[in-house]
Every structure is written in C-alpha cells, then in structure tokens.
Amino acid sequence: MTARTSSESARVIPEATVARLPVYLRALTALAEGGIRTCSSEDLASAAGVNSAKLRKDLSYLGSYGTRGVGYDVDYLRYQIAREIGVTQDWPVVIVGIGNLGHALANYSGFRSRGFRVVALLDADPERHEELVAGVQVRPFDDLEAIASEHAVAIGVIATPAAAAQDVADRMVAAGVTSILNFAPAVISVPDGVDVRKVDLSIELQILAYHEQRKAHEHARDDLPDMPAAVGGDQ
C-alpha cells in the first residue's frame, strides 16, 4: 500500500464521491466489527450497496490503498476515509429546536460514535429551558453566539418549524457557523462560504409514494387480459 502523493491530496473530489465516502466508512466499520481484516473491492462494494467499478473510481481520488491480490486493509482504509472526511477529530455541534425531532437528534448515538459532539441544545421556548435531553441541558436560543464562540462551533443543526428556519440560519452564520444541516421544511438562504445540507423527510416519503404508485399501475396493467389481435379490414 502506498500513501497519497501531494498531487493526489490536492485533487478535488467530486461531490457525488464525497457523498459516498461516509457510506464506505460505515461499511468498513461493520466489517471491522465483524472481525474482517481485509476485503476485496467487490466485497466492500457489496457491503456499501454500489458496484465495484464505482467504488474503485471513488477510492482512486484518495490514493492507492489496495494491494493487488490481497485487497484492502479494512482498518487502514477506514482510517484514511475518516481522515479525508474529517471525522478523526471531534466536531462540536449545536442543535436548535428541541421539539420531537430535536429530541430524537439529541438522543442519536450516531453523532458521538462518528466524531460529532453535541455541545448545546437551544430552543426559544422558555418552558423547555433547563430540560435535560441526552444529558445536555436545553438553553435559550439567545445563548447561541456565546456557545458558538466558547466551543468554536462550525456545524449547526436546524430542527425548528419552517417559519423560524431562516432566522436561525442567519443567527448561526453571524455566530460563525459555516456548515448547517437543515431539517426544517423550508429553503434557507446563506452567503457564499456556508454549506447547507437539507434533510426533508416528507419529500423522501413522497418520492417513495411515487414509486409505489408506479409499481401499482404496472401491476394493474399486467393483470389486464390480453386483447385479441384485430382481424379483417379493407382488402
């Protein structure tokens, strides 16, 4: 196995590949937890739900980490991908909006196990203040700036109703947050240099509903009796 050259390190990784790297990391983690030390590109691709050619292309942006005839060292590749996407360090995260969704996010163990530490839960509702969620006290939204400064928060999560999302995003940006994960059912505007990832569960469900409807129509067509061919006509 070889380390990346400086030119490889400087190469820009396509967004589609970046989106798949966490999937590869999750698959490698599962393999490692299963006691598997080496794997082929076919095995890793199968575990990640992609084809092996796409996986090899994606990993080529990171460097040459495989050994011909042996495959990938699971722990080593796992570390290299984790380093590439920045989860070998501890990222402080603040969640704004502690309703049902905010509670679920605060209790999500995947944050802690994947390099993210929830340093604050914020809500504008005074009745929620001092409530403990996953061991973290809910604080007033107006504490955002002080918390962002104290913990050097770069990543914020919005779990508020749609009407409040833009104001929350504006306050996050003003406080120095440069990456936002938006669960609110609203489109937010941010200045250049701020990255936003939107998660809209209702849209995902609607996409699934479309596919279910399409499959139902296909089944209905399949159930129709075959029509006899036309016979006769003008001679």
Side-chain angles (χ1 to χ4, degrees), residues 13-23 25-26 85-87 89-212:
I13 302 177
E15 280 296 319
T17 296
V18 172
R20 286 189 290 269
L21 290 180
V23 179
L25 181 59
R26 182 176 60 194
I85 61 179
V87 293
Q89 67 184 80
D90 188 35
W91 290 97
V93 174
V94 61
I95 299 175
V96 178
I98 313 303
N100 292 333
L101 178 57
H103 270 79
L105 293 172
N107 281 289
Y108 176 51
S109 61
F111 284 140
R112 293 183 292 276
S113 65
R114 289 172 172 82
F116 302 95
R117 175 171 50 93
V118 176
V119 297
L121 304 174
L122 306 178
D123 200 285
D125 184 356
E127 294 186 3
R128 294 197 179 276
H129 300 164
E130 299 186 5
E131 178 182 346
L132 281 178
V133 182
V136 180
Q137 180 179 316
V138 178
R139 296 173 57 177
F141 177 53
D142 285 340
D143 289 353
L144 172 64
E145 288 78 9
I147 291 168
S149 176
E150 177 185 353
H151 296 281
V153 175
I155 300 176
V157 178
I158 298 177
T160 65
Q166 185 62 59
D167 179 59
V168 171
D170 292 342
R171 291 277 297 273
M172 283 184 171
V173 171
V177 172
T178 52
S179 290
I180 296 173
L181 181 60
N182 179 29
F183 283 90
V187 175
I188 58 175
S189 299
V190 296
D192 291 342
V194 177
D195 294 304
V196 175
R197 297 287 296 182
K198 180 171 175 54
V199 181
D200 193 320
L201 302 179
S202 64
I203 286 179
E204 298 303 322
L205 286 171
Q206 288 167 357
I207 292 171
L208 290 175
Y210 161 77
H211 289 295
E212 285 302 312

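Because the structure is predicted, anything quoted here is derived from the model rather than measured. Numbering of residues begins at 1 and proceeds along the displayed sequence.
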| task | Return yes when atom CD of Gln89 has more than 12 non-hydrogen atoms of other residues, nucleotides or ligands closer than 6.0 Å, and no otherwise. | result | yes

| query | Nearest 0.5 Å, what's the CZ-CG distance between Arg171 and Leu122? | reply | 9.5 Å

| remark: Given the options Asp123, Leu105, Val138, Val133 meets side chain to side chain contact (heavy atoms under 4.5 Å, CB included) only with Val138

| query | Ile95 and Val118: side chain to side chain contact (heavy atoms under 4.5 Å, CB included), yes or no, with the steps? | reply | CA-CA 7 Å; Ile95 299 175; Val118 176; 4.1 Å; yes

| message | Suppose we screen for salt bridge (Lys or Arg N to Asp or Glu O under 4.0 Å). Which residues come up paired with Glu150, at least two apart in sequence or across chains? | response | none

| remark: When rounded to the nearest 0.5 Å, the distance separating CZ of Phe141 from CG of Asp167 is 5.5 Å

| message | More than 12 heavy atoms of other residues, nucleotides or ligands under 6.0 Å from CZ of Arg117: yes or no? | response | yes

| said: For Gly97 versus Thr160, what's the shortest heavy-atom pair and its separation? | reply: CA-CG2, 3.9 Å

| field | Heavy-atom check, side chain of Val93 versus side chain of Phe111, under 4.5 Å | value | no

| message | Run Asp170 and Gln166 through side chain to side chain contact (heavy atoms under 4.5 Å, CB included) and show every step you take. | response | CA-CA 6 Å; Asp170 292 342; Gln166 185 62 59; 2.8 Å; yes

| If you take all heavy atoms of Ala154 and Val177, which pair is closest and at what distance? | O-CG1, 3.4 Å

| task | Search all heavy atoms of Val153 against all heavy atoms of Pro92 and return the closest pair with its distance. | result | CG1-O, 3.9 Å

| note | dist Ile180:CD1 -> Ile158:CD1 (nearest 0.5 Å) comes out at 5.0 Å

| Do the charged groups of Arg139 and Glu130 touch, with an N to O distance under 4.0 Å? | no

| said: I need the single residue from Arg128, His129, Glu127 that forms a side chain to side chain contact (heavy atoms under 4.5 Å, CB included) with Glu131. Which is it? | reply: Arg128

Give the table of side-chain donor-acceptor pairs shorter than 3.5 Å for residues 181-192, with sequence neighbours excluded, one pair per line with atom names and distance.
unit_1, atom_1, unit_2, atom_2, d
Asn182, OD1, Ala184, N, 2.9
Asn182, ND2, Ala186, O, 2.9

| Main-chain N/O of Gly99 paired to His103 side chain as donor or acceptor, under 3.5 Å | yes

| Should we say atom CZ of Arg26 is surrounded by more than 12 heavy atoms from elsewhere, each under 6.0 Å from it? | no

| remark: The reported gap from CE in Met172 to CD1 in Ile155 (rounded to nearest 0.5 angstrom) is 11.0 Å

| field | CG-CG distance between Leu121 and Asp143, expressed to the nearest 0.5 angstrom | value | 12.0 Å

